[in-house]
Amino acid sequence: MGSRGATESYTGWPVIPDLSSELRFLVKEIPCGQVTTFGALAEALGDLAAARWVATQLAQWRDDPQETTNIPWFRVVRRNGDLAAGAIVQRQHQAERLVHEGITVSTSGRVDLAVLWNAFHTAQPLKALADWQHRVAPVAQCYADIEIPRVVAAVDLSYSSPTQAVAAYVAYDWNRAEVVHTATITLPVTFPYIPGYLTFREVPAMCQVIEHVRRQGRLAQVILVDGTGRLHPRRFGVAVAVGLMTQCSTIGVSKRRLCGQPSPGESSEECVSLWDQDERLGAQLRHPAFRQPLYVSPGFGLSIDRSIDIVQRVWQQHRLPEPQFEADKLSRALARRMHK
DNA sequence: GCGACAG
DNA sequence: ATCTTGTCGC
């Protein structure tokens with residue numbers, strides 16, 4: 001079975017676990033005649049936040065003729081005892097499999113969770129990754145603010161298939177309002193999207209396109225990253241990791257909020273600080289032309305306030321700041337072209 | 001039914 | 001993020 005669980009060195013990037021293999025192993029541990037929950041499996045992986053991914057992965061195996069007979073997906077139900085989500089025929093199938101193993105399923109499609117099985121053997125690989133984030137986050141907290149540079153870049157990812165990422169880099173001159181450099185790369189991606197762990201999914205591709213631009217000698221002084229920076233439960237969003245790995249100044253900019261609460265005292269419409277555990281981590285920005293706000297936090301090498309200055313400078317014509325809008329457009333166009 | 005956890 | 005029909009706005 002090889003090495004299970006995440007191990008890492010103190011200084012470098014951690015070994016990224018193969019979560020699908022880990023989950024497959026755990027599901028196969030559930031004994032005949034027993035049931036468990038998606039959340040229990042997620043906790044066995046090391047974080048309840050993975051529950052949704054566990055559910056979607058099990059549904060995938062359920063619907064895959066190659067996998068469905070090897071993996072007892074039907075022994076996993078929701079926390080309230082309900083059978084897994086899905087079409088009526090699939091829920092019926094799950095009920096039949098459970099009844100066949102001697103488990104009582106009510107007419108409404110619910111099992112008694114008093115018998116929930118939970119004795120997994122696991123190294124909790126996600127917990128190892130979270131510990132690594134906690135430990136490395138303080139290293140990224142030093143900064144020496146630069147002036148707002150003329151050229152601000154952005155990196156963004158699209159997917160040409162569920163396992164193939166397209167990373168785009170776009171450098172934008174806000175004074176002349178034009179794109180001055182672009183680059184793209186493609187890379188296989190296997191780590192799933194789990195809230196709080198986006199770093200381990202998207203940072204390798206982002207760093208690779210940035211290193212490519214560095215070799216071209218065209219690296220901008222600041223890079224906007226789709227996602228969060230310090231505005232993260234462990235202060236280690238994807239923008240922090242990209243900055244740390246590349247030693248570039250980075251800013252996390254997201255369309256939705258991962259964590260942080262607006263400070264009650266502030267009345268400003270266009271900029272409200274976001275706090276978590278009595279710590280100011282970033283800001284919610286509003287643009288008069290757009291309904292939806294933007295969530296901004298430093299990744300690496302910049303203060304919160306300078307990060308805000310820079311994002312406001314390049315946020316003009318679209319819902320996303322111009323460099324990100326262009327990077328999104330570019331990566332999506334290439335991903336679509338590759339899909340054909 | 002509601003709230004919700006980046007991409 | 002991606003998958004998609006119908007819908008809305010410039």
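Proteins get letters first, then strands, A, B, ... in listed order; numbering begins at 1 in each. All values below were derived from every heavy atom in this structure, side-chain atoms included, with hydrogens, water molecules and symmetry-related copies excluded.
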Rounded distance (Å) that lies between atom [atom2] of [N] and atom [atom1] of [X]:
| X | N | atom1 | atom2 | answer |
| --- | --- | --- | --- | --- |
| A:R291 | C:dG9 | CZ | P | 14 Å |
| A:R257 | B:dG3 | CZ | P | 13 Å |
| A:Q324 | B:dA6 | CD | C1' | 12 Å |
| A:L198 | C:dT2 | CG | P | 13 Å |
| A:W53 | C:dA1 | CH2 | C1' | 16 Å |
| A:R256 | B:dA6 | CZ | P | 4 Å |
| A:Y295 | B:dC5 | OH | C1' | 12 Å |
| A:Q261 | B:dC5 | CD | C1' | 13 Å |

Look at the aromatic rings of A:Y197 and A:F200 and report parallel, tilted or perpendicular, splitting at 30° and 60°.
-> tilted

Would you please classify the geometry between the A:W315 ring and the A:F290 ring as parallel, tilted or perpendicular, with 30° and 60° separating the classes?
-> parallel

Do A:T228 and B:dA6 have a side chain to base donor-acceptor pair shorter than 3.5 Å?
-> yes

So [X], base contact, sugar-phosphate only, or nothing? Heavy-atom distance under 4.0 Å.
| X | result |
| --- | --- |
| A:F191 | nothing |
| A:R52 | base |
| A:G252 | nothing |
| A:Y193 | base |

Under-4.0 Å side-chain N/O to phosphate OP1/OP2 contact, A:R332 with C:dA1 = yes

Taking only the side-chain nitrogens and oxygens of A:K255, find out if one of them lies under 4.0 Å from OP1 or OP2 of B:dG7.
-> yes

Looking at C:dT2, B:dA6, B:dC5, which one has an atom nearest to any side-chain atom of A:Y159?
-> C:dT2

A:K329 vs A:D156, salt bridge (charged side-chain N to carboxylate O under 4.0 Å, His left out): CA-CA, chis, key distance, verdict = CA-CA 9 Å; A:K329 200 166 63 173; A:D156 188 34; over 6 Å; no

What is the minimum heavy-atom distance between A:P65 and A:T69, and which atoms define it?
-> O-OG1, 4.4 Å

Could you tell me whether A:F191 and A:W53 have their ring centroids closer than 6.0 angstrom?
-> no

